[in-house]
Amino acid sequence: MTLESPQSGKRFLGRGLAYVNPDNLHGQLIVIEGSDGVGRTTQLGMLRKWLEVQGAGVVETGWTRSALMAQTIDFAKEGHKMNLHTFNLLYATDFADRLEHEVIPALRAGFIVLADRYVYTAFARAFVRGAEPDWIKNLYGFALEPDLVLYLNVDVEALIDRILVSYELDYWEAGLDQNPGLDPYDSFVRYQKKLLREFGKLAKDYGFHTINAKRDIRSIQLDLRRHIAGYLGWELTDEVLIPNEMSSPAAAAPSM
Amino acid sequence: MSKLCEPHEFPGRLIVVEGIDGSGKSTQAQLLQQWLSSKGVRVFFTEWNSSLLVKNTTKQAKKKNQLTPTTFSLLHATDFADRLFYRVIPPLKAGMIVIADRYSYTAFARDTARGVDPQWVRDLYSFAIKPDIAFYFRVPVDISLERITSARMKLKFYEAGMDTGLSNDPLECFKLFQGEVIRQYDMMTKEFDLHVMDATERIVVQQRQMRATVERIIGDYLDRKNGGSRQRGAAQAASGEARNR
């Protein structure tokens with residue numbers, strides 16, 4: 001097993017950051033995408049632990065958690081003070097702050113960066129709201145191209161159940177800015193359907209690895225590990241994929 | 001296609017003043033506003049970096065010097081978008097004149113001087129509408145520095161471009177950084193059809209020049225505004241006569 005970088009250096013999605021040399025970024029950027037309620041957080045936690053057991057240094061990064069913007073975004077969401085452009089720009093600013101202060105330094109130091117959502121979430125949300133695709137793509141042109149995008153995919157019915165059980169419907173998550181006057185539940189269903197459709201298109205355009213997230217947590221986790229280990233050039237043995245915490249006999253998938 | 005390159009279709013008119021700090025552009029914008037108001041035109045004034053949405057974030061972040069060239073650029077674009085849609089376009093729709101103290105060209109000059117990609121920042125602002133007239137107040141960096149330091153004695157961190165690390169000495173850094181901003185403005189005058197003003201001239205001379213340019217370019221609009229009120233007055237007088245008869 002080796003922790004060497006399978007490919008050295010990175011590329012930007014668009015015009016990039018002129019003052020950052022992407023060739024020095026030797027870590028790996030691994031993105032987990034998928035709607036709310038799909039179980040990203042649980043899966044990420046398990047992945048982190050697994051990677052650390054393998055000896056890899058891991059840094060996690062989320063969506064809209066930057067020190068710079070978190071408060072402003074909350075403020076703007078609360079009063080519905082956003083229009084299409086400020087909505088996209090606020091999220092892009094937040095993302096840029098995290099990219100430059102967390103992700104890039106970690107990659108430079110050779111860490112594996114696990115990103116809970118990435119620019120594709122912003123793309124999907126913006127496209128659903130009718131933003132001009134070229135403008136959005138240029139806006140995020142400073143983002144690094146991930147090494148791997150793992151997309152946790154479920155159908156809208158499964159998603160609705162999960163979200164209703166574990167979250168309160170929030171104004172933006174229910175897409176009520178899109179459907180003023182509509183019942184929150186109906187608005188939510190309509191909005192999430194559109195989002196999933198956009199994600200489906202993005203998966204094709206950007207070469208996501210789509211993972212069926214309708215299964216149990218463990219099967220999903222094994223799939224994720226297989227993709228990551230494969231990318232890193234690790235052996236796909238039980239010893240690598242299922243050390244300790246998952247190693248009950250039933251855990252081994254037949255193909256291993 | 002960028003909206004910045006096509007004429008807008010609003011009934012109002014947008015006038016922009018651009019230039020580095022200490023170029024005197026705000027003074028000139030105010031004098032222009034006085035003149036237009038005195039002619040009976042309704043004028044709305046808007047300044048760079050003034051929207052409530054991001055003002056506090058920008059202020060705090062600047063205080064802690066935690067902005068990168070890209071986040072600096074994005075925060076200002078957010079502020080701009082907020083003001084454009086709530087404070088520039090509505091008065092233009094209502095047929096007013098909007099005077100903007102700094103516009104997207106400030107971002108093109110400053111952000112590029114900080115090292116962001118010039119095309120990226122232009123595309124970022126492609127939703128902005130094209131001004132009817134954009135004045136650029138050109139001033140040598142030494143004169144700008146003299147005006148600023150004599151007025152408040154202390155250079156601000158980002159204004160001096162201290163984040164760029166061009167020099168550890170604020171005065172020296174200001175000169176290097178604002179020198180680059182001026183170079184960027186100069187390269188833009190053709191690209192965006194900026195009216196270059198000699199900002200070393202006497203205030204009154206500059207203002208007269210400005211007014212002449214405004215008359216020349218939006219004379220139709222000003223006549224219509226004046227003519228409109230004259231006509232209304234005449235119509236009222238006529239109907240008054242009719243009633244008297």
Side-chain angles (χ1 to χ4, degrees), chain A residues 12-22 64 66-105 119 122 126 130-144, chain B residues 1-4 51-90 104 107 111-129 161 163-166:
Chain A
F12 290 106
L13 280 176
R15 291 188 164 269
L17 297 165
Y19 49 90
V20 170
N21 179 3
T64 69
S66 88
L68 182 63
M69 297 300 289
Q71 269 185 318
T72 304
I73 289 181
D74 288 345
F75 165 78
K77 275 180 150 185
E78 206 134 293
H80 313 161
K81 291 177 192 72
M82 291 195 278
N83 63 45
L84 185 62
H85 286 93
T86 52
F87 182 93
N88 289 311
L89 286 163
L90 279 176
Y91 277 100
T93 313
D94 181 81
F95 173 76
D97 190 51
R98 255 176 303 111
L99 183 75
E100 294 192 66
H101 287 125
E102 293 173 23
V103 176
I104 288 177
V119 298
E132 204 186 304
D134 284 346
W135 184 75
I136 296 292
K137 287 179 185 171
N138 173 73
L139 170 61
Y140 283 97
F142 60 83
L144 287 169
Chain B
M1 185 61 202
S2 176
K3 287 197 186 136
L4 257 181
S51 100
L52 277 179
L53 186 61
V54 290
K55 207 175 185 177
N56 286 338
T57 311
T58 316
K59 211 190 263 175
Q60 272 179 14
K62 281 186 174 178
K63 218 177 277 169
K64 293 186 201 151
N65 307 331
Q66 69 182 134
L67 295 177
T68 69
T70 303
T71 52
F72 186 94
S73 181
L74 286 166
L75 269 179
H76 284 98
T78 312
D79 177 84
F80 180 86
D82 195 49
R83 276 185 307 114
L84 184 74
F85 291 103
Y86 291 112
R87 298 172 69 181
V88 175
I89 291 179
S104 55
D111 298 355
T112 306
R114 282 207 158 77
V116 310
D117 184 277
Q119 192 56 48
W120 178 77
V121 66
R122 280 163 175 72
D123 290 343
L124 185 62
Y125 282 85
S126 60
F127 59 86
I129 59 170
D163 59 310
T164 59
L166 287 168

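Worth knowing before you read on, the calculation uses all heavy atoms, side chains too, and leaves out hydrogens, waters and symmetry mates. Below, chain A is the first sequence line, B the second, and so on; all start at residue 1.
- For the residue pair A/Ala18 and B/Gly115, the shortest heavy atom distance occurs at CB-O, 3.3 Å.
- The distance from the CG atom of A/Asn88 to the CG atom of B/Leu74 is 11.5 Å, given to the nearest 0.5 Å.
- Contacts of A/Leu17 with chain B are made by side-chain atoms alone, with heavy-atom separations under 4.5 Å and no backbone atom involved.
- B/Leu124 is listed as a side-chain neighbour of A/Leu89, based on a closest heavy-atom distance under 4.5 Å.
- Across every non-hydrogen atom of B/Ser126 and A/Trp135, the tightest pair is OG-CD1, 3.3 Å.
- Closest of all the heavy-atom pairs between B/Asp82 and A/Thr86 is N-CG2, 3.4 Å.
- Using a 4.5 Å cut-off between heavy atoms, B/Leu67 touches chain A through its side chain atoms alone.
- Closest approach of A/Asn83 and B/Tyr86 over heavy atoms only: ND2-CE1, 3.8 Å.
- For the atom pair A/Asn138 CG and B/Arg122 CZ, the distance stands at 12.0 Å (nearest 0.5 Å).
- Minimum interatomic distance between B/Gln66 and A/His101 (heavy atoms only, all atoms of both residues): O-CE1, 3.1 Å.
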Q: Please report the C-alpha distance between B/Thr70 and A/Tyr19 in whole Å, then the side-chain angles of each, then the deciding distance to 0.1 Å, and finally whether the side chain to side chain contact (heavy atoms under 4.5 Å, CB included) criterion is met.
A: CA-CA 10 Å; B/Thr70 303; A/Tyr19 49 90; 2.5 Å; yes

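- Using cut-offs of 30° and 60° for the angle between ring planes, the B/Phe127 and A/His85 rings count as tilted.
- For the residue pair A/Glu100 and B/Thr71, the shortest heavy atom distance occurs at OE2-N, 4.2 Å.
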